[in-house]
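Model, not experiment: these values are computed from the prediction. Residue numbers begin at 1 in each chain, while the letters A, B, ... track the order of the sequences.
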Amino acid sequence: GDSVTQMEGPVTLSEEAFLTINCTYTATGYPSLFWYVQYPGEGLQLLLKATKADDKGSNKGFEATYRKETTSFHLEKGSVQVSDSAVYFCALSGNNNAGNMLTFGGGTRLMVKP
Amino acid sequence: DTAVSQTPKYLVTQMGNDKSIKCEQNLGHDTMYWYKQDSKKFLKIMFSYNNKELIINETVPNRFSPKSPDKAHLNLHINSLELGDSAVYFCASSQGIGAGRADTQYFGPGTRLTVL
């Protein structure tokens, strides 16, 4: 079945540091890929997505590129802020998934210190 | 206006009880979902539902059942609650349904269920 693996946290960075959170996936066909973010005490929000190979999703300074050859969708940001502290989830929606259900990775907690 | 809302926010109950969590979306979406998030933050889909089709994750016990009075609501009923049901339950909705769609899912704030 489909699966998503992302780096375990927590990831602790100083403000303005460069961020990378690794995400790799296993799926049949050509899934759509997503990054969701969960701020403390809240539900998940879509951060960015990509629907085909070599697409780059971007939002709020975050970027991720759909790499089919390495089955990866790593999240990056050039300069993190304290307000970016949250849990980040990589997810996929498989092409054979009639229910449009998302398969999530285990989440990576990011803590940004001033 | 809250796009996806859930009630209650917190639910504490005894083992063996039956409880419900309500979810409403005002986005006009066709599809709604229930997810379970365990204590380690791992998220797992439970159900996907639109007005024509219910798709159940095969690992979900049949003590859990979704009930939809109309397109804007999807409630989660849980019978004979067990300790392992303690988790945060998230409702979500999206525009459509079908294989290969990349619709954004909008999540509610979650319901923290504690079974004693």
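Cluster membership check: A/Y36 does not share its hydrophobic cluster with B/L27, using side-chain heavy-atom separations under 4.5 Å among Ile, Leu, Val, Met, Phe, Trp and Tyr. Hydrophobic clustering (side-chain heavy atoms under 4.5 Å, transitive across Ile, Leu, Val, Met, Phe, Trp, Tyr) groups A/Y30 together with A/L33. If you chain together hydrophobic residues whose side chains sit under 4.5 Å apart, B/F42 and A/L92 never meet in one group. Note on B/V60 and B/L83: same hydrophobic cluster, where clusters join Ile, Leu, Val, Met, Phe, Trp and Tyr whose side-chain heavy atoms are under 4.5 Å apart, directly or indirectly. Under the 4.5 Å side-chain contact rule for hydrophobic residues, B/F47 and B/V4 do not share a cluster.
No more than 12 heavy atoms of other residues, nucleotides or ligands sit less than 6.0 Å from atom CE of B/M15. In B/N62, the CG atom is not crowded: 12 or fewer heavy atoms of neighbouring residues, nucleotides or ligands sit closer than 6.0 Å. At most 12 non-hydrogen atoms from other residues, nucleotides or ligands lie less than 6.0 angstrom from CD of A/E8. More than 12 heavy-atom neighbours from other residues, nucleotides or ligands sit within 6.0 angstrom of CZ on A/F18. For A/K113, the NZ atom counts as loosely surrounded, since its 6.0 Å shell holds 12 or fewer non-hydrogen atoms of other residues, nucleotides or ligands.
With a 4.5 Å cut-off on non-hydrogen atoms, B/Q37 touches chain A through its side chain but not through its backbone. For B/Y35, the part lying near chain A is the side chain, with the backbone staying farther off; criterion is any non-hydrogen pair under 4.5 Å. Using a 4.5 Å cut-off between heavy atoms, B/K44 makes no contact with chain A at all.
Contacts with chain B (heavy atom to heavy atom, under 4.5 Å) involve these residues of residues 42-79 of chain A, listed by number: A/E42, A/G43, A/L44, A/L46, A/K49, A/T51. Inspection of non-hydrogen atoms places B/G108, B/P109 of residues 108-116 of chain B under 4.5 Å from chain A. Proximity to chain B at a heavy-atom threshold of 4.5 Å picks out A/F89 from residues 83-91 of chain A, in numerical order.
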Which atom pairs, one a donor and one an acceptor, fall under 3.5 Å between side chains of residues 16-24 of chain B and the rest of the protein, sequence neighbours left out?
| from | atom 1 | to | atom 2 | distance (Å) |
| --- | --- | --- | --- | --- |
| B/N17 | ND2 | B/T13 | OG1 | 2.9 |
| B/D18 | OD1 | B/S80 | N | 2.8 |
| B/S20 | OG | B/H77 | ND1 | 2.6 |

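In terms of heavy-atom proximity, B/K9 sits nearest to A/G41 at NZ-O, 3.9 Å.
Contact annotation: the side chain of B/Y33 never approaches that of A/L102 to less than 4.5 Å [non-hydrogen atoms, C-beta and beyond]. Between B/F90 and A/Q38 the shortest side-chain heavy-atom distance falls below 4.5 Å.
The CZ atom of A/F104 lies 8.0 Å from the CD1 atom of B/I45; values are rounded to the nearest 0.5 Å.
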